[in-house]
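Shown next, in structure tokens, is the structure this report addresses.
Each chain gets a letter, A, B and so on, in the order its sequence line appears, and its residues count up from 1.
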2 protein chains.
Amino acid sequence: MSSEDIAEGSGVSAVQVRKDLSFLGAAGTRGVGYDVTGLADQLVRALGLEARHGVAIIGAGNLGSALANYQGFEARGFRMVAIYDIDSDRIGGRAGPLTVRSIDQMATDARVDDISIGMIATPADAAQFVSALVVEAGVRAILNFAPVELRVPQGVSVRRVDLATELQILSYHLVSKPEE
Amino acid sequence: MSSEDIAEGSGVSAVQVRKDLSFLGAAGTRGVGYDVTGLADQLVRALGLEARHGVAIIGAGNLGSALANYQGFEARGFRMVAIYDIDSDRIGGRAGPLTVRSIDQMATDARVDDISIGMIATPADAAQFVSALVVEAGVRAILNFAPVELRVPQGVSVRRVDLATELQILSYHLVSKPEE
DNA sequence: TAGATTGTTAATCGATTAACAATC
DNA sequence: TAGATTGTTAATCGATTAACAATC
């Protein structure tokens with residue numbers, strides 16, 4: 001498969017594909033392209049997916065339960081390990097394949113279950129507090145769904161996914177460029 | 001509130017805040033800062049949120065149902081109007097506050113319910129097909145959760161949210177910079 | 001007036017694209 | 001060998017940052 005083919009399917013330019021693959025140490029063959037099977041293996045290795053990182057969800061509300069129900073994460077190389085909440089009404093209940101645990105257990109679990117990524121799906125006003133707990137538990141990667149910027153110590157990676165903001169950007173497109 | 005204050009809470013630089021606000025036509029007062037109430041109104045107007053755009057979810061699987069259950073969209077200026085599926089086992093069932101409708105109804109509904117944004121939460125292999133239906137129904141903004149690049153006609157805005165990819169990027173951070 | 005903070009222009013930086021030699 | 005396609009260097013572009021005049 002050529003970088004051009006990959007570009008088409010992924011929405012980035014062919015040059016970008018070649019640059020990124022080269023950066024990750026995945027080599028193609030000039031005049032031929034990339035071997036897809038080998039490439040897939042190589043990428044799994046480069047992204048550290050063989051580790052099958054343990055993921056915990058914090059917040060068992062609408063979004064948290066939603067995430068627990070979503071099966072796409074396991075399919076893409078992750079172990080969905082636990083979901084936590086602070087509300088005793090929720091603790092013990094189900095969220096997809098998981099049982100909601102008390103947030104107090106997280107620090108212990110993080111070691112036992114080898115949790116390395118935390119997904120924060122709490123209300124905005126709890127997110128900073130919760131992220132501190134997550135970091136304390138030794139987790140060094142956070143996917144933050146709350147619409148706030150988290151302050152974390154150096155060495156902790158945070159990515160933010162703000163679904164409502166995505167919609168608002170689309171709304172802006174709708175009103176700002178009616179034609180085109 | 002100063003651009004500096006806004007910057008702190010939002011995770012962008014103060015200059016960026018001033019530039020963006022200025023671009024959107026929101027004016028502050030030199031030496032003083034921005035009036036938060038007025039600013040909020042101004043932004044709602046600039047982003048076209050008073051329209052309370054109608055949103056439809058296509059795909060009532062795990063992720064689609066999850067999105068239907070999430071209440072953050074209504075809170076941020078959107079009307080969650082309908083959820084569609086192609087599977088007759090799902091049609092008629094509940095997804096949060098919504099009843100799953102047949103995808104065949106979408107074209108009609110889009111006019112009646114004034115749907116202007118479509119959220120695609122189908123499996124990857126159905127996404128392109130479904131997006132064509134959405135566009136045909138007159139919807140000109142798409143939030144795509146499927147891990148494929150959609151081909152749409154000019155004038156249609158697409159944003160992609162790929163949750164599994166977000167995790168994979170965090171995974172890469174974990175393995176590539178163990179310290180730092 | 002002095003202090004604070006916006007709004008904008010100019011300078012810098014990084015990321016994307018163009019171009020092309022290397023080579024299968 | 002001719003054609004195709006990678007891998008990388010150089011050129012371009014856009015976005016971010018620095019600097020500062022305007023002004024409340």
Of A:Arg30 and B:Ser3, whose closest DNA chain C nucleotide lies nearer the 5' terminus? B:Ser3

Checking base pairs now: Watson-Crick or wobble, both atom distances under 3.5 Å. What partners C:dA11? D:dT16

For D:dT23, give its Watson-Crick or G-U wobble partner with both distances under 3.5 Å, or none. C:dA4

For the CG atom on A:Leu24, are there more than 12 heavy atoms of other groups (residues, nucleotides or ligands in this structure) within a distance under 6.0 Å? yes

Check every nucleotide of DNA chain C for an atom under 4.0 Å from a heavy-atom of chain A, then give the first and the last such nucleotide from 5' to 3'. C:dT16 to C:dC24

Taken to the nearest 0.5 Å, the spacing of A:Phe145 CZ from A:Leu163 CG works out to 6.5 Å

Tell me whether B:Glu74 is salt-bridged to B:Arg52, with the criterion being a basic N under 4.0 Å from an acidic carboxylate O. yes

Does a salt bridge link A:Arg160 with B:Glu166, judged by any charged N lying under 4.0 Å from a carboxylate O? no

For A:Thr165 and B:Arg76, test the side chains for any donor-to-acceptor distance below 3.5 angstrom and give the result as yes or no. yes

DNA chain C contacts made by residues 15-29 of chain B, counting heavy atoms under 4.0 Å: B:Val15, B:Arg18, B:Lys19, B:Ser22, B:Ala27, B:Gly28, B:Thr29

Do [X] and [Y] have side-chain heavy atoms sitting under 4.5 Å apart?
X	Y	value
A:Gln128	A:Leu150	yes
A:Leu174	B:Ile117	yes
A:Asp125	A:Val148	no

